[in-house]
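Below is one structure, written out as C-alpha cells, with a few remarks after it.
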Amino acid sequence: MNSTRTRRVLGAAAATAVAALSVGTLAVPAHAAGPALKLDVGAMIRISGEPTTQPQFGENVFLRVGRTGTAPVLNAKLTLDTTGLDGVAVLTASGGRCVTAARTITCDLSYLNSDSDNVSGYLWLSAVPGARAGTKGVVHAALTAPGAESANKDFSVEVGGAVFRVAEIAPRTQAKVGSTFTPAVRFANRGGVSATRAIVEIMLLPGLKVENWPSNCEYATDPGQIGQEGFGAPIATTHAICTVEGEILPNEPVRLKGLDLTVTSEASYTFTDFTVFADPDAAGAQGPALRRRLAFERGTGAPATLPRDSAEGIPSGYPDINGHFTEQEVFADNGADFGLTGSWTPDSSGRAGTLSITATNRGPAAIFDRSGGDATPFVRIQLPEGASVTDLPKNCRANNRVQGEPQDHPLNRFDCDAFAFYIANGASSTRVLGVKLDEGTVPLSAVVSFQNEVSDLEDGYPSAPMSWDPDPDNNRIKVALRSLPAPGTPAPDGGAGAPEEPVVPASAADPTGSVTGTTATGSTGTATTTAAGRTATRTGSTGTAALDLADGGELADSGRGDAVPLAWASATALALGGAAFLTSRRLGRRRS
C-alpha cells in the first residue's frame with residue numbers, strides 16, 4: 001500500500017498524535033475572571049548519561065501549552081526554573097522566543113489561541129559531565145498571562161535511568177482470518193541502571209484482537225476518539241496496559257511472551273502499536289490519561305512474562321523519542337467489496353431532478369489507508385452533453401483535468417469525497433446533485449466510478465484499482481437520466497414511437513471495438529462499434545439491428561431509472577432477434 005519508510009513515518013506520527021490526545025494536564029480551575037491556562041509535559045523525562053548536544057531543530061522536552069474557552073489569550077509567558085537540575089543536567093532553548101537568564105528560561109508565547117500548542121523553543125536536556133546514572137533533578141514550569149488563571153507543573157529529569165529500546169517487528173503477510181500468532185515484541189534496557197518492571201502499552205486497530213488478555217494486563221475499548229479528534233473517521237480501538245514485574249539489567253534483551261493476536265474478519269491491512277516504558281509516568285506514556293478517560297478491566301489469562309532474548313535486531317544506544325515504539329503490521333488474505341449504486345429522481349417537467357449516488361463498503365474487511373490517498377477512493381460523476389449541474393454538494397467539485405493536466409474546456413466531470421482514510425465494514429456515503437437536462441429525446445446517462453490517486457493519473461483504469469475488492473464489476477455504473485420514449489408513444493411528427501432500447505452491455509463499447517461470444521443456441525454473436533463510438537451493430541443468429549449511442553460515446557440505457565453496472569456484460573447481454581448471450585472480458589479489470 002505504501003513504502004516501509006512511509007509506514008514508519010506515519011506510524012510514528014500516529015503514536016505522537018495519540019499521545020497528544022491522551023497526555024495529562026495540570027491547570028488551576030477557571031472562574032469568571034478569565035480563561036484557565038493549560039500546561040502539558042511528561043512527569044518524568046529520562047536522558048542519556050552521556051552529554052549530548054542538541055541536533056539541529058531538535059528537542060527532547062515535549063511541552064505543550066493551551067487555554068480553555070475560545071477567546072485568544074495575549075501576552076502569555078512560559079517560565080522554566082532549572083535550579084533543581086544543578087549537578088544533573090542542563091536545559092537549553094535554542095529557538096522561538098525564549099531567553100535564558102541565570103537558571104531561568106522565559107519564553108514569550110505572545111498570542112495563545114489553542115487548547116494545545118507545541119512550544120517552539122527547541123527545549124533540550126543534556127547530562128552534566130560525570131553525572132551518575134540514576135541521578136534525578138526537577139524543573140519548575142509555570143504558564144502565566146494577564147487576566148488568566150496560571151498553570152504550574154514540575155517534571156523530573158533522570159540521567160541514565162532505565163529506558164527501553166524496541167526492535168522493529170517484521171510485517172505478517174498473507175495472514176488467514178481466524179489465525180492466531182504471537183507478535184515479536186523484543187526490547188532491551190539501554191539505561192545505566194536496572195529496571196524493576198516493564199510497562200507495555202498496546203493499541204489494536206480493528207482486524208486484530210486478543211482472545212484472552214493476560215492477568216497482568218488491563219484493557220478497554222475506545223469508541224473512536226482518534227477519528228473524533230480530526231483524523232477524519234472514528235476508529236474503535238482497543239487500548240491495553242500490561243505491567244510485567246521483574247528486574248531487567250542494563251543492556252539485557254527480553255521479549256514479551258503470553259500475548260497472542262487473532263486476525264478477525266475486519267482485517268485487510270491493519271496493525272497494532274506497542275510502546276514500552278520503564279515506569280508508567282515516563283514521558284510519552286499514555287496510560288495515566290487513558291485510565292482517566294476509559295474504563296479498564298483486568299484480563300483473566302495466564303500472566304505475560306519477559307524471558308531473556310537475543311539482542312540481535314535490537315538497536316543499541318540510548319533511544320530517541322521514538323525508540324520505545326514498535327508496530328506489528330498485518331496484511332490479511334481478505335477483501336472488501338466496494339460498490340456504487342445510483343438513482344435519478346426527475347421533477348414534474350422531466351427536465352430537472354436529483355442524481356443520488358451511494359458508495360458502500362460491503363465488507364467483510366475494513367479498509368485503512370495510511371498513505372492518505374493511494375487506497376481511499378472518491379467518486380467521479382461524468383455527466384453527458386445535454387446535462388448540467390444546478391446544485392453541487394460542498395464535498396464535491398468540478399474536475400477539468402486529464403491525468404493531472406488542466407484542460408481548456410469544462411469536462412462536465414465532478415469528483416465527490418466518499419470516504420475518509422478509514423472505511424469500516426458497512427460504511428457508506430451518499431451524494432445528491434441537482435441536474436438539469438436540455439430539451440430533446442436523446443437518451444442521457446451519467447457514468448459514475450470509483451477513482452483514487454493511482455487511477456486518476458494513469459491510463460487504462462476506468463475505475464480505481466482496489467486490490468482488496470473481489471468484485472470490481474460494481475465499481476463503475478451508469479444511471480439513466482433520460483430514456484427513449486416508451487413503445488407506442490407518439491413521435492413529434494405523429495408517427496409511431498420508436499421501440500424501447502434494450503440494455504446494451506459495456507463490452508459493446510470496449511476500446512478494442514469488438515467482442516465475440518457464444519450464443520445460448522451455440523451460434524456466434526458479435527458486437528462492434530465504429531471508431532467514432534456512435535453506433536453499435538449486433539449480429540445474432542436471426543437478425544441485425546443498429547443502435548445509436550448516447551453522447552460522449554456511451555451506450556444508452558434501457559430506460560430504467562436504476563443504475564446498471566457497466567461491466568454487466570461479463571455476465572449476459574441481450575441479442576436482438578433471439579436469445580443470444582455474449583461473454584466478454586470485464587471492463588475495469590483490477591490492476592495485477
Side-chain angles (χ1 to χ4, degrees), residues 1-11 13-14 171 173-174 207 231-233 267-271 329-340 357-363 365-382 395-407 411 413-425 427-429 431 447-478 506 510-511 565-567 570 585-592:
M1 183 180 303
N2 42 52
S3 68
T4 300
R5 174 181 173 84
T6 302
R7 292 194 302 267
R8 296 298 297 170
V9 171
L10 288 171
T173 59
Q174 297 180 317
F231 280 81
S268 174
Y269 167 78
T270 187
F271 60 89
E329 292 183 293
V330 174
F331 297 84
D333 285 340
N334 197 17
D337 179 21
F338 277 47
L340 290 167
I357 302 299
T358 299
T360 305
N361 175 9
R362 301 171 182 174
I367 300 301
F368 182 68
D369 176 22
R370 298 183 77 170
S371 66
D374 286 353
T376 304
F378 57 88
V379 173
R380 173 160 296 163
I381 301 167
Q382 178 66 65
N395 43 21
C396 298
R397 56 210 165 271
N399 182 346
N400 294 321
R401 293 175 176 266
V402 174
Q403 295 185 39
E405 294 297 326
Q407 305 300 295
L411 301 179
R413 174 191 297 164
F414 303 90
D415 292 344
C416 297
D417 298 333
F419 302 110
F421 77 113
Y422 175 75
I423 312 164
N425 176 15
S428 67
S429 64
R431 303 291 177 252
V447 178
V448 185
S449 61
F450 279 124
Q451 301 292 333
N452 59 22
E453 283 185 355
V454 175
S455 60
D456 199 31
L457 296 175
E458 296 183 7
D459 285 324
Y461 300 121
S463 61
M466 297 179 287
S467 60
W468 63 83
D469 193 339
D471 180 19
D473 289 358
N474 54 10
N475 294 346
R476 189 169 184 254
I477 62 173
K478 288 174 66 176
D510 191 282
L566 282 189
S570 60
R585 70 176 181 84
R586 290 184 298 188
L587 190 66
R589 183 174 299 168
R590 290 180 296 130
R591 181 175 58 176
S592 60

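Residues Trp468 and Tyr269 fail the side-chain proximity criterion, which asks for heavy atoms closer than 4.5 Å. Contact check for Phe338 versus Asn475: side-chain heavy atoms found under the 4.5 Å cut-off. The shortest side-chain heavy-atom distance between Asn474 and Asp337 falls under the 4.5 Å cut-off.
Partners of Asn425 under the side chain to side chain donor-acceptor pair (under 3.5 Å) rule, at least two apart in sequence or in another chain, do not exist in this structure. Residues meeting the side chain to side chain donor-acceptor pair (under 3.5 Å) test with Ser455, sequence neighbours left out: Gln451, Asn452. For Ala359, the side chain to side chain contact (heavy atoms under 4.5 Å, CB included) partners are Leu340, Val379, Ala418, Phe419, Ser429, Phe450, not counting sequence neighbours. Residues meeting the salt bridge (charged side-chain N to carboxylate O under 4.0 Å, His left out) test with Arg401, sequence neighbours left out: none. Partners of Asp333 according to the side chain to side chain donor-acceptor pair (under 3.5 Å) rule, which considers only residues two or more places apart in sequence or in another chain, are Lys176. Residues satisfying the side chain to side chain donor-acceptor pair (under 3.5 Å) criterion with Arg413, sequence neighbours excluded, are Gln382.
Here Arg362 does not pair with Asp471 in a salt bridge; the nearest charged N to carboxylate O distance is not below 4.0 Å. Ion pairing between a basic and an acidic side chain is recognised when a charged N comes within 4.0 Å of a carboxylate O; Arg397 and Asp417 show such pairing.
In this structure a side-chain-to-backbone donor-acceptor pair under 3.5 Å is present from Gln407 to Glu405. Checking side-chain atoms of Asn361 against main-chain N and O of Ala427 turns up no donor-acceptor pair under 3.5 Å.
Summarising the geometry, atom CG belonging to Asn399 is positioned 10.0 Å from atom CZ belonging to Phe414; distances are rounded to the nearest 0.5 Å. With rounding to the nearest 0.5 angstrom, the OH atom of Tyr422 is 7.5 Å from the OG1 atom of Thr270.
Exactly one of Cys416, Ser463, Ser449 qualifies for a side chain to side chain contact (heavy atoms under 4.5 Å, CB included) with Arg380. That residue is Ser449.
Ala365 and Asn334 get closest at one heavy-atom pair: CB-ND2, 3.6 Å.
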